[in-house]
Amino acid sequence: MKLDDPGLENDVVRLEVLTEEDRVLIETSGVDPDMWSWMPVIATGTNLHTYFDEVQRARREGTMVPFKVFRKSDDAFAGMVGFVDVSRTHRRLRVGFLWHPEAMRGTAVGPATQLALLERALGSRIRRIEYCYVEDNDRAIRAAEKLGCQRDGLLRNYVRAANGAWANVVVLSLVDSEIRASIAMLRDRVAEMQLA
């Protein structure tokens with residue numbers, strides 16, 4: 001199985017590879033401008049279009065698999081996420097660029113998206129899944145820890161964020177059996193949220 005194979009879905013969400021044709025969808029989606037303050041600076045600028053260009057370049061080079069997310073119950077656009085820094089040789093990747101519209105936060109969409117990603121990564125023989133967040137992004141760090149991620153460490157002054165500040169980055173990961181445990185936990189959480 002390849003990371004970008006079609007059919008990445010579960011009962012709640014469907015993920016499709018993000019392509020150039022999706023630029024307008026993302027531009028008009030209401031992506032929170034604050035999201036860009038968490039992103040690292042890239043040489044060409046710090047706005048939606050330059051990041052979108054960078055994502056498409058990385059997709060073509062095979063180091064990233066970006067996805068758009070849809071809620072299956074009504075086919076509503078439900079966000080974006082990507083497999084980043086993909087290393088097939090070392091069977092590792094990072095989950096990044098995760099964003100859901102505010103109205104879908106706290107619903108089954110978030111856990112179902114993570115579930116789909118982890119199942120696809122495991123099915124593609126990935127052995128290490130990383131999550132890297134600017135140290136001040138407490139909400140994202142807590143969410144990764146709820147998945148069962150272990151803290152690997154802190155990278156000091158690791159990136160310059162789009163807002164100009166130098167940021168420490170917290171590295172968390174799931175490896176081997178932890179991935180399976182996280183999948184089992186997410187299946188239960190999604191099922192509970194669907195019943196609520």
Side-chain angles (χ1 to χ4, degrees), residues 1-10 13-72 75-101 109-110 112-134 137 140 144 155 158-163 167 169 171-175 179:
M1 176 182 297
K2 292 183 179 178
L3 292 169
D4 60 355
D5 278 349
L8 181 52
E9 62 183 285
N10 53 41
V13 294
R14 181 181 75 254
L15 283 69
E16 298 175 0
V17 172
L18 185 72
T19 65
E20 179 59 41
E21 290 74 32
D22 299 311
R23 185 181 294 264
V24 173
L25 170 69
I26 301 303
E27 185 177 29
T28 60
S29 68
V31 171
D32 188 345
D34 287 341
M35 176 182 181
W36 310 115
S37 67
W38 297 112
M39 295 292 192
V41 168
I42 57 174
T44 54
T46 55
N47 62 55
L48 185 142
H49 289 289
T50 56
Y51 280 103
F52 196 92
D53 292 344
E54 181 67 14
V55 164
Q56 292 305 307
R57 181 199 58 74
R59 181 181 65 82
R60 288 188 300 274
E61 291 177 0
T63 59
M64 181 177 189
V65 183
F67 297 102
K68 55 193 173 209
V69 182
F70 295 94
R71 182 172 55 196
K72 287 177 68 174
D75 211 34
F77 175 73
M80 57 187 177
V81 67
F83 290 136
V84 185
D85 295 331
V86 175
S87 173
R88 287 173 176 80
T89 301
H90 299 289
R91 295 188 192 172
R92 68 175 182 241
L93 55 78
R94 179 167 46 92
V95 172
F97 292 92
L98 176 63
W99 176 81
H100 294 295
V109 167
T113 299
Q114 289 289 348
L115 176 60
L117 292 168
L118 296 183
E119 287 178 329
R120 175 55 61 89
L122 186 64
S124 300
R125 301 177 56 217
I126 296 297
R127 296 179 52 109
R128 177 182 170 84
I129 300 172
E130 296 177 345
Y131 294 81
C132 297
Y133 297 113
V134 170
N137 193 346
L155 304 174
Y158 191 69
V159 296
R160 188 168 52 130
N163 65 7
V169 172
V171 180
L172 305 104
S173 67
L174 296 166
V175 296
I179 299 169

Legend entry - Separation of Ile179 CD1 from Ser173 OG (nearest 0.5 Å): 9.0 Å

Inset, instruction - Would you give the length of the straight line joining atom CD of Glu119 to atom CG of Leu8, rounded to the nearest 0.5 angstrom? - result: 9.0 Å

Inset, instruction - Using distance alone, with no hydrogens and no angle criterion, decide if Thr63 and Glu61 have a side-chain donor and acceptor under 3.5 Å apart. - result: no

Legend entry - Spatial distance of atom CH2 (Trp99) from atom OG (Ser29) [nearest 0.5 Å]: 4.0 Å

Legend entry - 4.5 Å side-chain heavy-atom contact, Phe52 and Met80: no

Inset, instruction - For atom CZ of Arg127, decide whether the heavy atoms of other residues, nucleotides or ligands shown that lie under 6.0 angstrom number more than 12. - result: no

Legend entry - Donor-acceptor pair, side chain of Arg128 and main chain of Val175, under 3.5 angstrom: no

Inset, instruction - Kindly indicate whether the side chain of Phe67, heavy atoms from C-beta on, has any atom under 4.5 Å from the side chain of Leu117. - result: yes

Inset, instruction - State, with a plain yes or no, whether a side-chain heavy atom of Leu98 is found less than 4.5 Å away from one of Gln114. - result: yes

Inset, instruction - Say whether, by atom type as modelled, one donor and one acceptor occur between the side chain of Asp4 and the main chain of Val65 under 3.5 angstrom. - result: no

Inset, instruction - Answer yes or no: is there a donor N or O on one side and an acceptor on the other, between the side chain of Asn137 and the main chain of Val134, under 3.5 Å? - result: no

Inset, instruction - Run the salt-bridge test on Asp85 and Arg92 with the 4.0 Å N-O cut-off and return the result as yes or no. - result: no

Legend entry - Check: Gln56 side chain, Leu18 main-chain N or O, donor-acceptor pair, under 3.5 Å: yes

Legend entry - Glu27/Arg23 ion pair, N-O < 4.0 Å: no

Legend entry - Side-chain heavy-atom pair Arg120, Leu15 within 4.5 angstrom cut-off: no

